[in-house]
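Notes to accompany the following structure.
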Amino acid sequence: MKICAARAGDFPKNYKFIRQKESRNMAITENPLRGIDTQVRQLRRRVFKEIANLAYNSEDLIHDMEALPYSIVNASDENEYMDVYRQRAIVSDMLRLAMGMSLSAEDHPVHLTDGLKESNIDEKYYEPPLMQVIPAACNACPENRYEVTNKCMGCTAHPCRVVCPKGAMTMKNGKSVIDQTKCVHCGRCQTVCPYDAITHQVRPCLNACGVKAIKSDDVGRARIDDNLCVSCGQCMLACPFGAIADKSQIFQLIRAIQGGGEIIAQVAPAFVGQFGPKATPGKLKAALKQLGFAEVYETAIGADMGCVTEAEHYVKEVASGNLPFLLTSCCPSWSVLAKKYFPETIDKISSALTPMVATARVIKKEHPNAKVVFIGPCASKKLEASRRTVRSDVDFVITFEELAGIFEAKSIDVAALESEDPIADATSAGRGYGVAGGVADAIEKCINEYYPGTEVHIEHAQGLADCKTILMLAKAGRKNGCLIEGMGCPGGCVSGAGTNIAIPMATKDVTNFKNQAADKLPPKDYVEQRGIEA
């Protein structure tokens, strides 16, 4: 497949559609922990459940929150990895983050409930940093280390010693040993070992971070460089110790619902299947209304508006030769990556509203006094909603994982409920935004339908490492004429940090829901019909 290199303005006038699928990382690397109900996931869900319980039931908030580390971690609990006091310290920090507060400091005393009064409100914006490492939980994993395991047979050929460029490989008691002070981590020893006896240890959170924002503190624990981080949350998913967590607004959201105002939910396209195979969209709508939401919208209606707008942008800007390429705007981690690492691409990012913001504006046009809650898979949407230009549109952002904790607190079994009227706001195009490739596919189909004869070159990038690569190629002029879709999470929104199920299952469910849509594409004037400024 040739590289998309010609300028759009140089294309012949009798265009045909050309689809270029030159993603550098098309095979999705599934996080091995995803979809498994590990103790870390159970603990996170328990914390969200207990914070929701505080909002619903507590009459003495400080006392009840102080008691939570002791009720969550019993003195009789056995943990081979850490003692009960360390577990409680970790839970205390998880509770603080779940309440929307910051971690306790390491250099001076911070009480568990310090700052609680400021969080006991019905409106609280996220304050960066969003993703934080809980020091007591971090295992200080090796960043990059080769080690010989007990599979070593001490073979006579000893090829690992032969190929080592630094003489780091020696024999001890008939087995190979690596001198870590000499090792340069080239991996040659691992490649030639006939018994696969040499392992490469990489810090899981660092391995999952496509922008290498995970550093080490002075004692070897993970530290997030906020100047590099784009808040995708993949490090949080990868950590097997539960040492990375993000802030939540579930307490404040419940307070807002309890206040009796009109609270309206919008659910991201990736919601299908996140609460069990029998939790249909209609049943999820019923569950949300049982929590106190006045109405439920599909965020995919904002995606419908976005694909119409970006189709027009591509035709007017790229196909005309005014811009060399166009970057999609819906994924905040992708947009922040482009702005931080490739500032020369800022004017190439589509100005279309993200689906979350576009849908929020539709809701507030139809319900002027309502507060809007975005429920989705994404950690970085939390910071997007905190931007001053977005605060008036989106009042709360919670993830599917956090919503599951609220359902548990209220003993709501989504699958057991009677279905409400089905969620049926959006077209197939908008619903496809939940899966990698769906954004560009929707835009392409809109161009094909509304601007016939326009040639369009499509590029996909998924996962931050892949996104960085394609932006480097675009910067070098090798993606001219292209519409470039970037997704910060591998697989798209279905693999966001706040999801509950494995990527293949989520992809299948979203695809099925997409195919059930009554309409395939939004009308060309859809944005005008909704009365929203793009």
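In this structure, M236 and A245 approach most closely via the heavy-atom pair SD-CA, 3.7 Å. Across all non-hydrogen atoms, the minimal contact from K175 to M153 is NZ-CA, 4.1 Å. A265 and I375 make their closest contact through CB-CD1, 3.9 Å (heavy atoms, listed as atom of the first residue, atom of the second, distance). For M101 against S119, the heavy-atom pair with the smallest separation is CG-OG, 3.3 Å. L228 and A213 make their closest contact through CB-CB, 3.8 Å (heavy atoms, listed as atom of the first residue, atom of the second, distance). Between A98 and I51 the shortest heavy-atom distance is CB-CG1, 3.8 Å.
Within the 4.5 Å cutoff, the side chain of T399 has no heavy atoms near those of the N500 side chain. Within the 4.5 Å cutoff, side-chain heavy atoms of Y56 are placed close to those of Q258. Residues I90 and F241 have side chains not in contact (no heavy-atom distance under 4.5 Å, counting atoms from C-beta outward). At a threshold of 4.5 Å between non-hydrogen side-chain atoms, the residues Q290 and K410 do not count as touching. Annotation: side chain of P159 is in contact with side chain of P194 (closest heavy-atom distance under 4.5 Å). Using a 4.5 Å cut-off on side-chain heavy atoms (C-beta onward), L471 and Y341 make no contact. Side-chain contact check for D179 versus T170: every heavy-atom pair is 4.5 Å or farther apart. Looking only at side-chain heavy atoms (C-beta outward), D395 and K364 come within less than 4.5 Å of each other.
Enclosure of atom NZ in K508 is not indicated, since only 12 or fewer non-hydrogen atoms of other residues, nucleotides or ligands lie within 6.0 angstrom. Enclosure of atom CE in M171 by more than 12 non-hydrogen atoms of other residues, nucleotides or ligands within 6.0 angstrom is indicated. For K340, the NZ atom is densely surrounded, since the number of other residues' heavy atoms within 6.0 Å is greater than 12. Atom NE2 of H185 sits in a crowded spot, with more than 12 heavy atoms from other residues, nucleotides or ligands closer than 6.0 Å. By the neighbour-count criterion of 12 heavy atoms within 6.0 Å, atom NZ of K215 is densely surrounded, having more than that number from other residues, nucleotides or ligands.
Considering CG of D246 and CG of L97, their distance stands at 8.0 Å, rounded to 0.5 Å. Interatomic distance, CD of Q274 versus CG of D509, reported as 8.5 Å (0.5 Å rounding). Taking CE from M356 and SG from C330, the interatomic distance works out to 11.5 Å, rounded to the nearest 0.5 Å. Interatomic distance, R161 CZ to S176 OG, rounded to the nearest 0.5 Å: 8.0 Å. Remark: R46 CZ to Q42 CD distance equals 11.0 Å, nearest 0.5 Å. To the nearest 0.5 angstrom, Q132 atom CD is 5.0 Å from K247 atom NZ.
Stacking of K371 on the aromatic ring of F396 is not recorded, the 6.0 Å distance cut-off and the 45° axial limit not both being met.
With F271 as the fixed residue, the ring-ring contact (aromatic ring centres under 6.0 Å, His included) test singles out one of F513, F400, Y297: F513. The side chain to side chain donor-acceptor pair (under 3.5 Å) with S216 is formed by just one residue from the set R223, R221, R203; it is R203.
Remark: the backbone N or O of K124 is paired with a side-chain donor or acceptor of Q249 at under 3.5 angstrom. Not one N or O on the side chain of R45 forms a donor-acceptor pair closer than 3.5 Å with the backbone of E401. Judged purely by atom type and a 3.5 angstrom limit, E384 has no side-chain atom pairing as donor or acceptor with the backbone of P332. Within the 3.5 Å criterion, the main-chain N or O of T199 finds no donor-acceptor partner in the side chain of E147. The closest donor-acceptor contact from the side chain of D466 to the backbone of Q462 lies under 3.5 Å. For S231 (side chain) and S380 (main-chain N/O), no donor-acceptor pair under 3.5 Å exists by modelled atom type.
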**Request:** Determine, stepwise, if the pair L253 / E402 fulfils side chain to side chain contact (heavy atoms under 4.5 Å, CB included).
**Result:** CA-CA 11 Å; L253 169 59; E402 291 166 343; over 6 Å; no
**Message:** Run the side chain to side chain contact (heavy atoms under 4.5 Å, CB included) test on I178 and M169 for me, step by step, so that the C-alpha distance in whole Å, both residues' side-chain angles and the decisive distance to 0.1 Å come before the verdict.
**Reply:** CA-CA 5 Å; I178 299 174; M169 189 70 66; 3.5 Å; yes
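A salt bridge is defined here as a Lys NZ or Arg NE, NH1 or NH2 lying under 4.0 Å from an Asp or Glu carboxylate O, and E295 with K285 meets this definition.
Note: Y146 and H200 have parallel aromatic rings, judged against thresholds of 30 and 60 degrees for the angle between ring planes.
Between the side chains of T328 and E485, no donor-acceptor pair is found at a separation under 3.5 Å.
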